[in-house]
Amino acid sequence: PDNDNWRLRVGSRLASQRRDTARRFNWRYPTTSVCGYVMSSLNNTEIHTAVHDLLHNAGQRYTDKRRAIIDILIQAGKPMVITDMLGKARHMPQSTLYRNLLVLEDASAVVRVVTNAESGCYELAEHLMGHHHHMVCSKCGVVRDVVVPEGLEHELDKALEKVARREGFSIDRHQLDLIGRCKNCK
């Protein structure tokens, strides 16, 4: 059950695909592993190459519109709501943006971040930008990326494995979203 201040989400329909992407492509891109998660140090060109590979393997093309969406997310460096993305991609109709985001999400290039915002909030996938968590304001909907120190991440992994084992569940990855109020909404 959700608590007013926090919620923990474990797994997703594409979790194992996202986690294994680095292994599938034999990452010819620089990466390091921290607590079992691929931490990326890709530059913009390498991100575009990786997205091209992901789309190709999903049977999709890397069109100019999809490239523009990835550029917007790279420049933002944080989760973006659809309305903000539309402001940056003035030439792109909203329906085209949604359609292309769904293709990019199915190819594991972007992920949808759950917020209280009416429109979706998207960011580049972890294997492109590195493992992190989110703080989500329950009042204004702002999403902030948070990188947990390695020691705490390891302790979190151990605790979640213990809970999962007790329930007969196998964890592919974890995602922690802290729900509360940002400093502007307190």
Side-chain angles (χ1 to χ4, degrees), residues 2 7-25 27 29 31 37-40 42-138 140-146 171-179:
D2 285 351
R7 146 180 80 170
L8 180 65
R9 293 183 292 130
V10 178
S12 76
R13 65 184 172 90
L14 296 173
S16 60
Q17 182 181 1
R18 289 182 186 130
R19 182 176 178 206
D20 293 335
T21 298
R23 202 172 311 127
R24 264 197 339 250
F25 292 115
W27 278 112
Y29 316 110
T31 60
Y37 296 97
V38 174
M39 301 302 285
S40 175
L42 304 179
N43 65 36
N44 292 1
T45 302
E46 293 166 333
I47 289 172
H48 282 294
T49 302
V51 172
H52 176 272
D53 291 347
L54 289 165
L55 286 166
H56 178 76
N57 285 341
Q60 298 287 339
R61 292 182 308 123
Y62 197 20
T63 64
D64 290 341
K65 292 191 186 315
R66 292 174 186 159
R67 179 176 290 279
I69 292 168
I70 296 300
D71 278 333
I72 290 168
L73 292 172
I74 289 171
Q75 290 170 3
K78 63 180 182 175
M80 289 189 74
V81 293
I82 296 290
T83 52
D84 290 345
M85 292 177 76
L86 284 169
K88 301 272 186 197
R90 293 184 181 94
H91 62 283
M92 194 177 305
Q94 184 172 353
S95 60
T96 301
L97 178 61
Y98 272 111
R99 227 180 359 264
N100 282 291
L101 281 168
L102 288 174
V103 170
L104 289 165
E105 185 177 15
D106 285 344
S108 297
V110 301
V111 293
R112 187 170 196 266
V113 179
V114 178
T115 70
N116 67 343
E118 288 182 22
S119 61
C121 186
Y122 291 86
E123 69 179 350
L124 291 173
E126 279 189 354
H127 54 265
L128 298 174
M129 297 305 287
H131 180 69
H132 62 278
H133 301 287
H134 300 109
M135 287 194 285
V136 182
C137 180
S138 58
C140 71
V142 71
V143 179
R144 185 168 158 233
D145 289 342
V146 177
I171 296 177
D172 292 321
R173 69 182 186 99
H174 74 263
Q175 180 176 328
L176 178 68
D177 291 342
L178 301 172
I179 312 296

Run the side-chain contact (heavy atoms from CB on, under 4.5 Å) check on Ile47 and Ile74 step by step: do they pass? CA-CA 9 Å; Ile47 289 172; Ile74 289 171; 3.8 Å; yes

[X] versus [Y]: any side-chain heavy-atom pair under 4.5 Å?
X	Y	answer
His174	His131	yes
His133	Leu178	no
Val111	Gln175	no
Met92	Ile69	yes

On a heavy-atom basis, which atom in [X] and which in [Y] lie closest, and how many Å separate them?
X	Y	answer
Leu128	Ala50	CD2-CB, 3.7 Å
Ala109	Leu54	CA-CD1, 4.0 Å
His132	Glu126	O-OE2, 3.3 Å
Ile179	Ser138	CG2-CB, 4.0 Å
Tyr122	Leu73	O-CD2, 3.5 Å

Would you compute the distance between atom [atom1] of [X] and atom [atom2] of [Y] and round it to the nearest 0.5 angstrom?
X	Y	atom1	atom2	value
Thr96	Lys65	OG1	NZ	6.0 Å
Asp106	Gln60	CG	CD	8.5 Å
Gln94	Thr83	CD	OG1	9.0 Å
Asn100	Ser95	CG	OG	9.5 Å
Arg66	Leu97	CZ	CG	12.0 Å
Met80	Leu101	CE	CG	10.5 Å

Counting distance only, does the side-chain N/O of His134 pair as donor-acceptor with the main-chain N or O of Pro79 below 3.5 Å?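 No.
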
Would you check if the side chain of Glu46 reaches a backbone N or O of Asn43 as a donor-acceptor pair within less than 3.5 Å?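 Side chain of Glu46 to backbone of Asn43: a pair is present.
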
Quick check: are there more than 12 heavy atoms from other residues, nucleotides or ligands sitting under 6.0 Å from CZ of Arg144?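 Atom CZ in Arg144 is not packed in, count stays at 12 or less.
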
Test side-chain contact (heavy atoms from CB on, under 4.5 Å) on Glu123 and Val143 and set out the steps. CA-CA 10 Å; Glu123 69 179 350; Val143 179; over 6 Å; no

Return the orientation label for the Tyr62 and His48 ring planes: parallel under 30°, perpendicular over 60°, tilted otherwise.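 Tilted: the ring planes of Tyr62 and His48 meet at 30° to 60°.
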
Before giving the answer on side-chain contact (heavy atoms from CB on, under 4.5 Å), spell out for Gln75 and Lys88 the whole-Å C-alpha distance, their side-chain angles and the decisive distance to 0.1 Å. CA-CA 10 Å; Gln75 290 170 3; Lys88 301 272 186 197; 5.6 Å; no

